[in-house]
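In what follows, a single structure is set out as structure tokens and then discussed.
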Amino acid sequence: GAVVSQHPSWVICKSGTSVKIECRSLDFQATTMFWYRQFPKQSLMLMATSNEGSKATYEQGVEKDKFLINHASLTLSTLTVTSAHPEDSSFYICSALQWGLGLGNEQFFGPGTRLTVL
Amino acid sequence: AQKVTQAQTEISVVEKEDVTLDCVYETRDTTYYLFWYKQPPSGELVFLIRRNSFDEQNEISGRYSWNFQKSTSSFNFTITASQVVDSAVYFCALSGLKAAGNKLTFGGGTRVLVKP
């Protein structure tokens with residue numbers, strides 16, 4: 001199956017700093033990637049859809065100025081948490097969409113990045 | 001709007017018992033995909049199965065089996081003869097058409113604890 005990586009796998013930062021998380025599709029090109037956030041003992045919540053060469057589409061309630069998404073190439077999307085605060089501490093997971101024949105296009109998930117803001 | 005409901009938040013069983021995880025979904029799409037994922041303590045999502053809305057055949061893969069009932073909008077998952085390594089959170093998810101952006105809607109998850 002297709003492989004998606006994330007870097008870093010975990011990060012600890014001070015409140016007020018910005019943190020960048022990378023999501024890479026290693027063996028396929030992905031024009032569309034997704035970013036999810038998962039708080040402890042909760043489900044995955046879609047934050048935004050990242051489209052190569054265009055602006056990301058954010059879900060309702062997600063601050064686009066706080067969570068900056070850049071999808072500059074067909075294999076890389078980045079999520080920057082700006083001016084991070086403790087409430088931003090969470091598990092961030094990306095996925096990359098691999099287009100296939102027919103209606104079913106599958107998302108392949110990265111291993112996640114655990115962000116802790118002190 | 002799409003919705004996925006996993007009514008069981010946590011299930012605890014003893015090894016070798018069978019465990020069934022319920023998943024009920026809501027969608028207005030006539031064509032859609034249903035998924036199950038496993039999330040072990042490491043956090044990485046493990047893909048288990050994808051089923052399209054036109055295929056109501058039940059599926060078995062080793063100790064895993066899935067029962068898709070379109071009439072009741074359910075896609076239940078059974079682990080037969082559970083093992084300690086099956087302990088994880090299991091998510092059911094629903095995806096619409098390309099036009100809907102291929103977004104995945106996840107259920108709340110069911111935590112399965114298999115005791116030795």
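We name chains A, B, ... by the order of the sequence lines, and we start the count at 1 in each one.
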* By a 4.5 Å heavy-atom criterion (distance strictly below it), what part of A/Gln6 contacts chain B: side chain, backbone, both, or neither? -> neither
* To do: Give a yes or no on this: more than 12 heavy atoms of other residues, nucleotides or ligands lie within 6.0 Å of atom CD1 of B/Ile60.
  => no
* **Residue A/Lys66 excluded, over 12 heavy atoms near NZ under 6.0 Å** => yes
* **In one Ile/Leu/Val/Met/Phe/Trp/Tyr side-chain cluster, 4.5 Å: B/Phe47, A/Phe91** => yes
* Asked: What's the spacing between A/Tyr36 OH and B/Leu45 CG if we round to 0.5 Å?
  -> 9.0 Å
* **Shared hydrophobic cluster, A/Val62 / A/Leu115 (ILVMFWY, side-chain heavy atoms < 4.5 Å)** => yes
* Given the rule that I, L, V, M, F, W and Y join up when any side-chain heavy atoms are under 4.5 Å apart, are B/Leu21 and B/Val13 in one cluster? -> yes
* To do: Sort A/Leu44 into side chain, backbone, both or neither according to what part of it lies under 4.5 angstrom from a heavy atom of chain B.
  => both
* Verify same cluster id: B/Val19, B/Tyr64 (apolar side-chain graph, 4.5 Å) -> yes
* Quick one: what part of B/Phe106 sits under 4.5 Å from any heavy atom of chain A, side chain, backbone, both or neither? -> both
* **Closest contact, heavy atoms only, B/Glu44 versus A/Gly110** => CG-O, 4.4 Å
* Asked: Is there side-chain contact between A/Phe109 and B/Gln39, with at least one heavy-atom pair below 4.5 Å?
  -> no
* Structure fact -> Residues A/Ser43 and B/Gly107: closest non-hydrogen pair is OG-O, 2.6 Å
* Any idea which heavy atoms bring B/Phe91 and A/Gln38 closest together, and the distance? -> CZ-NE2, 3.5 Å
* Would a hydrophobic clustering, with Ile, Leu, Val, Met, Phe, Trp and Tyr connected at side-chain separations under 4.5 Å, put A/Met45 with B/Tyr25? -> no
* Asked: For B/Tyr37, is it the side chain, the backbone, both or neither that has a heavy atom under 4.5 Å from a heavy atom of chain A?
  -> side chain
